[in-house]
Each structure stands twice: as structure tokens, then as C-alpha cells.
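The block underneath contains the structure these notes are about, expressed in C-alpha cells.
Letters A, B, ... mirror the listed sequences (proteins, then strands); counts begin at 1.
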Amino acid sequence: MRKNTIIFLFGMSLFFAACNNGGTQTANSTTSAATEQAATPAASDTKSYDPKRGEGKFDETNVQLGALDAAMAGKGKAIAEAKCFSCHKTSDERLVGPGWKGVTERRTAPWLMNFITNPDAMIDKDPEVQAQLEICLVRMPNQNLAETEAREILEFMRQNDGAK
Amino acid sequence: MKLNKVSIGLIAVAALWISSCKPKNAAQAVSGDAAQKVYVAPGQLDEFYSFVSGGFSGQVSVYGIPSGRLLKVLPVFSVDPETGYGFSEESKPMLNTSHGFVPWGDEHHLSFSQTNGDYDGRWLFANENNTPRVARLDLKTFTTKEIIEIPNSAGNHSSPFITDNSEYVIAGTRFSVPFDDENGDIPISSYAEKFSGALSFISINPESGKMAIDFQLKTPPVNYDLSHTGKGPSSGWFFFSCYNTEKAYTLLEVNASQRDKDFILAVNWKKIAEMVKAGKGRKVKTKYAHNVMDENTHTATSTIKDEVLVLDIADLKDVCYYIPCPKSPHGSDVDPSGEYIVGSGKLASLIPVFSFSKMQKAIEEKKFEGDFDGIPVLNYEAVLHGEVKKPGLGPLHTEFDANGNAYTSMFVSSEVVKWNLKTLQVIDRQPTFYSTGHLTVAGGDAKTPYGKYLVAWNKITKDRYLPTGPELTQSAQLFDITGEKMQLLLDFPTIGEPHYALMIDAKKIKDQQARIYDINKNNHPYVAKGEKEAKITREGNKVHINMTLIRSHLTPDNIEGIKVGDEVYFHLTNLEQDWDLPHGFTIKGSQNAEVLVLPGETKTIKWQPKTAGIVPFYCTDFCSALHQEMSGYVRVSPAGSSTPLQYGTGDSAPKAAK
Ligand SMILES: [Cu+2]
């Protein structure tokens with residue numbers, strides 16, 4: 001099929017070479033936007049994915065947990081009310097997404113920080129999130145959290161799980 | 001491997017053509033590599049954005065070039081039931097005018113904001129002809145942010161052209177009329193004595209982009225068609241084409257085509273702006289609307305202004321000159337160097353090219369042929385650089401590449417013509433299908449054109465596409481202009497009338513695109529930042545519902561206690577904060593449009609239930625796998641009944657009393 005098209009186009013250009021009215025022959029017809037932009041999208045690389053840490057900018061070095069900071073947890077709750085509670089309950093009951101009770105025991109702190117700031121990449125790679133998606137059928141949205149907001153929400157999750 | 005029959009057939013047809021070689025055949029083919037040049041592979045992006053006027057659709061459309069793919073239609077001057085523009089309570093003030101709410105507009109030309117004569121990617125300006133207005137769109141959100149009405153004007157055609165550092169956007173009237181402070185109840189035949197033209201200079205705030213009419217020039221009664229800013233040496237000047245210097249007021253087709261030459265009006269706006277600063281001009285009573293959309297409340301306000309500063313050009317010395325220009329000039333286009341001003345006399349068989357330096361000299365040496373209503377008319381020969389002879393029939397509009405070439409559209413002879421600015425020799429001509437109005441060269445009205453592509457915006461389509469009954473889409477034709485000869489690459493359909501368009505390097509604006517509205521910055525008075533803030537308040541028969549939307553439920557989704565005769569306002573906040581996740585809203589029997597609510601935005605739609613019963617509502621934008629579940633019910637009770645106001649979602653939904 002492709003070959004046929006080429007033959008056809010070749011025929012057409014012959015036609016133009018022969019005909020001087022159209023003037024559509026140009027000398028410099030080499031580069032095209034299409035070829036310039038041709039690039040293959042990187043296939044998602046699941047091999048290097050660390051299910052303990054998740055994927056994103058957080059790891060043990062930049063997420064440190066200390067004694068519970070109640071003021072910080074309070075701020076986290078306020079943000080969650082606007083951005084999270086339409087889909088998550090604080091109990092273990094599922095709403096749109098899983099209930100948050102026990103989430104800080106199921107997941108490491110860096111994993112949580114990464115997931116709530118960078119959910120898209122992790123939904124595609126994390127086997128447990130994949131399993132949750134099969135149940136929930138809604139992708140956890142990126143709620144555009146600032147780093148400090150994410151950390152405050154994490155503090156609230158800890159409080160919700162009884163951290164002292 | 002077998003040769004397919006179609007290909008053989010096509011080759012045979014091509015072979016036939018070789019023998020006939022008919023020019024101007026509607027099926028005139030394109031050379032072999034055209035397909036490759038416009039092919040933007042799936043997942044790849046176009047090189048240019050083209051913003052295209054919608055003409056009588058009132059909107060602006062956005063295409064990718066070279067693919068010719070329609071990317072979006074932006075609501076500007078006409079209501080848009082698809083997004084709720086002009087239907088939502090927040091957007092209604094955008095379409096307010098001194099005549100009240102106007103649901104439609106006629107959008108003809110566009111300008112990008114400029115810095116040093118080049119596109120800076122901040123704003124797009126659009127004009128409206130019928131109820132004279134100018135709009136400003138933000139190129140971060142691709143939304144209409146501001147609309148200002150133009151007083152003392154009618155048929156705002158010579159607009160919204162812009163100065164080279166975005167000091168002013170211009171609005172030149174097509175129809176001359178009596179000014180708003182004069183008695184308009186007069187015989188039409190008093191045109192020559194009692195009617196006036198208006199050229200409005202709308203200042204642009206360099207930070208916010210906000211528009212304000214700084215001053216208007218009152219001129220003799222002629223029709224203004226197009227205009228363009230000077231740049232480089234001619235920076236500080238503006239050039240307006242005028243026709244109907246005959247001052248005809250009936251059968252213009254004949255009566256406004258009498259004189260051998262009409263004019264291009266050269267205006268030294270920089271000097272006039274100084275005079276205005278120094279206190280010149282008089283305040284004229286009028287009425288015009290100024291409408292502004294607030295980013296953070298997502299709400300527009302409309303203010304009616306009642307005064308405008310007017311300067312009569314007959315009273316101004318040494319700032320306005322008429323350049324004689326053959327036969328009803330349409331385009332008035334300034335080349336990238338700022339030296340040449342090209343007038344395209346639509347009834348002329350030549351294209352005059354004027355020289356700015358010669359004009360300066362002629363002014364100095366007072367080489368005038370006379371005056372027109374007291375304003376000096378320069379000597380044609382003294383300001384002429386030269387004429388392009390026999391360029392084609394019906395030259396309308398000229399744009400430029402970076403290599404000293406000009407490209408002019410020919411309406412009557414249906415072609416685009418490439419010629420050299422210095423030698424004035426025609427280099428190439430290519431047929432168009434059919435009757436090209438404006439043409440666009442990428443960056444072709446800027447100081448540094450990109451060149452590369454040219455699009456002809458055609459008025460007549462006929463046989464170019466599969467027929468669709470009596471009405472056909474208007475067609476655009478893309479040419480590669482990198483070579484000596486222009487190469488036709490692609491036909492593509494458009495919306496409304498693609499009157500004029502601009503092309504900008506995609507890199508200039510694609511990375512500044514907003515993806516969401518930050519819900520933290522949402523200051524809408526009825527926002528619900530989270531389901532906890534969802535609520536209903538009744539004030540007499542007005543009911544305000546602060547409702548949230550998120551995949552895939554609305555809160556509240558069960559509502560009782562609404563009564564026939566109520567005015568219900570659904571204030572819808574989309575709680576999503578991720579790119580490309582709008583939710584829509586509508587309710588059964590609504591005599592209103594749907595609204596599309598973007599992440600972090602609040603929009604309001606009004607609903608007036610007429611009969612008691614259960615009325616469902618739902619999300620109209622397929623948002624998730626559970627989109628069909630994203631719905632709810634309102635219970636409407638008869639007027640005067642005592643059903644209590646109750647609402648909720650899930651556990652909080654009202655339960656039946658036992
Ligand atoms: Cu939805």
C-alpha cells in the first residue's frame with residue numbers, strides 16, 4: 001500500500017515536471033515539520049520502580065518524621081477538606097478512593113509524599129495502586145499540592161492513625 | 001504487493017492531465033512532497049498556532065499549522081452554549097453594551113500584543129464590526145478577558161490593529177455617523193456636512209493589558225477599511241486606508257467608486273498622544289460599556305462609561321496627512337523594515353508602494369496637491385516608491401516575509417502573488433480556490449516575520465470539499481513559501497468567515513499555558529472549597545446552591561424543598577486540580593445552556609422550575625468511568641408548599657420521615 005502511494009506521488013511529480021503552469025515544483029523540499037519532530041515516546045520503565053518509595057522527588061533523606069505536630073496536622077486537615085475529602089473518608093470505609101485509616105502503616109512516608117504529588121506516574125507503575133484502580137475505576141487525581149501542603153496532609157494522616 | 005486499483009486509476013488520471021495541463025482546474029494537484037510537509041504524526045505537535053477570525057460566527061478559532069487541524073474555538077463576541085459563555089451569570093456582563101445584552105458579534109481582524117514590533121505572546125486582540133467593540137484575550141488561558149465598546153463609531157472594521165510596543169490598539173470606523181453628542185435625527189443626505197469618522201486610540205496597560213479609550217480623532221466622513229502601525233523608522237505613525245472619499249451615502253457600490261484615488265491617512269499618533277497629555281481635546285458625552293473578567297472571582301463586571309476625549313483632526317497641525325491611493329484601498333500594510341507602505345486598491349490594476357522617507361521629505365518640502373476638508377493631501381509622485389504593474393485583479397491585502405518579498409491576495413482573479421519590495425517585479429503567482437480575502441504569512445505583519453508558511457483565506461469554496469447542501473464551509477489554503485515559488489500544500493475547512501488570521505511560533509506560547517485555576521485563589525462569592533462548604537441558602541424565592549463537582553459525584557446530589565416560582569442559582573465549583581478535567585452541568589428542561597466548569601473554577605447557571613416533580617441533573621462532560629453515575633435529583637414542590645429545604649450526598653442525603 002505504501003509503495004503504491006509512492007508510485008502515485010512519483011507519477012504526480014512527473015506530471016508537474018512536464019507542466020509549467022502550476023509552478024509547484026520547488027527545489028528545497030527536504031525538511032518537514034513532521035520529520036523534524038519525529039520522536040518516539042519513551043516507554044514507561046517499570047523495572048526501576050521501587051514500590052517502597054514510589055516515584056517522585058521524595059525519599060528518606062527529604063521526608064523526616066518526628067513527634068506529631070498537631071498544628072501542622074490541623075493545616076493538613078483544612079487542605080484535605082478542600083482537595084481530598086470528596087473522595088476519601090478518614091475511616092477505613094471506601095468512598096471514591098480507599099479510606100485513609102491505616103494508610104501510614106500500609107505505605108511509607110516517602111511513598112505517600114510521592115503519590116499525592118505525582119499520582120499519574122505511580123498509578124501506571126505501582127502494582128498495588130493498579131489493583132486499587134481496578135476496584136475504584138477512578139484515577140487518583142493530581143490535586144496540584146504544594147510540597148508544604150503535601151507534608152501537612154501527611155501529618156494529618158499520621159494523626160488520623162494515632163501517631164503521637 | 002499488488003498495485004491497488006485506485007492508484008493505477010490515479011496515475012492514469014495524472015497522465016491524462018499531463019496532456020491537458022489546464023491551469024485553474026479546481027482539482028489542480030499538489031506536488032509529491034506536499035503530504036509529507038503537512039503530516040504531523042499522531043502525538044506530535046504543530047509548529048505554529050494560527051488564530052483565525054470567525055467573521056459572522058463572532059468567535060476566534062485556533063488551528064495548528066502545518067496540519068490545518070482545528071484545536072479550539074474561543075468564544076469572544078457570541079454566546080457559546082457549549083461552554084456556557086454568555087449563559088452563565090458570571091459571563092453575561094461580558095456581552096453587555098450600551099444597547100444592553102448583545103448575543104452575537106461579527107469578528108473580523110486580530111492583533112497580537114507586540115514588543116518592539118514583534119509578537120510577545122501575551123494577548124490577542126479581536127474586533128467586532130456591528131456593535132463596535134474590541135476584545136482582549138489572554139494567551140495563557142485562551143479566554144476573553146475584556147471587551148470595550150467604541151462610541152461615536154459604526155462598523156468597527158479598521159480594527160484592532162496595534163502599535164509596535166502595544167501602546168494603543170486602534171478602532172477605525174467603517175461607517176461615518178453623527179457623533180453621539182450631536183443630533184442624529186437628521187436627513188441622511190446631510191452626510192457630507194453632518195457625519196463624521198472616528199479613529200479611536202485604546203491604551204493598553206503594559207502590565208495588566210487593561211484597555212481604556214485614551215482619545216478619539218474626529219475626521220471627515222469617509223469609510224475606514226484597514227490600518228497598520230509603522231515600525232522602525234515609521235514607528236510612531238499609523239496608516240489608515242479610506243474609501244468613499246466621494247462621501248456617498250447611497251448605492252456606494254457605484255457612488256463610492258467614482259474617484260481615481262482615495263486615501264491612506266497617515267497619523268502621527270505619538271505627537272497626538274503628547275498633545276493629549278498636555279491637555280488638548282474636549283470631553284464628549286456618550287455611552288459605552290467596558291467589561292472585565294476577574295481572574296480570581298471568575299466573574300465579569302460591566303461598567304457604562306459616559307465620556308470620551310475627542311480631538312478634531314482639522315484642528316491639529318502637522319500630524320495628519322492624506323496619501324492619495326488608487327481606487328478604494330483595502331489593505332494598508334507596512335513592510336518589516338517600516339519603510340514601505342503598501343496600499344491595495346481593491347478596484348485598481350496596480351499596487352502602489354509608498355516610501356516613508358519620501359513621505360517625510362514631502363512633508364518637509366510641503367509637496368501637497370491640495371487639501372481634503374482642511375487636511376493636507378500629499379503629492380502622489382512625491383511619496384511613491386513605485387507601483388507593482390499588473391499584479392492581478394482585486395488586490396486586497398499584503399503581508400511580508402523576512403527576505404524582502406511581499407505577498408498580495410487577489411480577490412477577483414483568485415490568486416496569491418509574490419513580488420519583490422525593491423524591484424516591484426512579480427516573482428510568482430499561484431491560483432487559489434476561490435476568491436481570497438486576506439492572506440497570512442507566519443509573522444507577516446511583524447518586524448521579524450517567520451515566513452515559511454502562507455495561508456490564503458478564501459471566500460468561496462464550491463467544489464473543494466464533499467458538498468454539504470447550499471451552505472459550505474469557507475476554505476483555507478496553506479502554501480509553503482520557503483522556495484522561490486509558492487507551493488500549495490493543503491486545503492482545510494474553517495468556521496464562520498475566516499476573515500483574517502495570525503500565525504505565531506508555537507514555542508512562544510505553548511509553555512505558558514495554564515493547566516488549571518488554583519482553587520486556593522478562587523474568590524468567587526459562592527465558591528465551595530470542598531464538600532464541607534457545599535450548602536443551600538434561601539433568600540425569599542432566590543435559592544443559592546453552592547455545589548461541588550469532582551469525579552464522579554455532585555454535592556449535594558439530593559435536593560428537596562425547591563418550589564415552583566423559585567429562582568435557583570447553581571453555583572458550581574469544580575474541585576479537581578488536574579489538567580483537562582472539566583465537569584459540565586445541566587438540569588432537565590433548563591431553558592439555559594449547559595456550563596463547562598474547569599478545574600478550580602466556579603460558574604453559575606440559573607434555573608426556574610415551572611412545575612412540581614422530580615428533576616434530574618447530571619455532569620455533561622464524560623469525566624471518568626463513573627461519569628454516568630455523576631448525577632442527582634431535585635424535588636420541586638408546588639408554590640407555597642411547606643416541604644423543608646434539605647440536601648446532601650450519600651450518608652447526608654435527606655431520608656424519608658418514618
Ligand atoms: Cu463529570
Handout entry: Check: A:Lys101 side chain, A:Asn160 main-chain N or O, donor-acceptor pair, under 3.5 Å
Key = yes
Practice task
Please look at B:Asn522 and chain A and tell me whether the side chain, the backbone, both or neither of the residue comes under 4.5 angstrom of a heavy atom of that chain.
Solution key: neither
Problem - B:Tyr63 and B:Phe492: CA distance, side-chain angles, deciding distance, ring-ring contact (aromatic ring centres under 6.0 Å, His included) verdict - result: CA-CA 10 Å; B:Tyr63 288 80; B:Phe492 62 92; 5.2 Å; yes
Handout entry: Side chain proximity check, B:Cys619 to B:His627, heavy atoms < 4.5 angstrom
Key = yes
Determine all donor-acceptor pairs shorter than 3.5 Å in which one atom belongs to a side chain in residues 68-80 of chain A; sequence neighbours excluded.
| residue | atom | partner | partner atom | Å |
| --- | --- | --- | --- | --- |
| A:Asp69 | OD1 | A:Ala71 | N | 3.2 |
| A:Asp69 | OD1 | A:Met72 | N | 3.1 |

Handout entry: Contacting moiety of B:Leu575, where chain A heavy atoms sit under 4.5 Å
Key = both
Completion exercise
The reported gap from NZ in B:Lys485 to CD1 in B:Ile481 (rounded to nearest 0.5 angstrom) is 14.5 Å
Problem - Neighbours of chain B found in residues 84-94 of chain A - heavy atoms under 4.5 Å - result: A:Phe85, A:Ser86, A:Cys87, A:Lys89
Problem - B:Tyr49: partners by side chain to side chain donor-acceptor pair (under 3.5 Å), with sequence neighbours left out - result: none
Problem - Those residues that, when tested against A:Arg53, pass side chain to side chain donor-acceptor pair (under 3.5 Å) (two or more places apart) - result: none
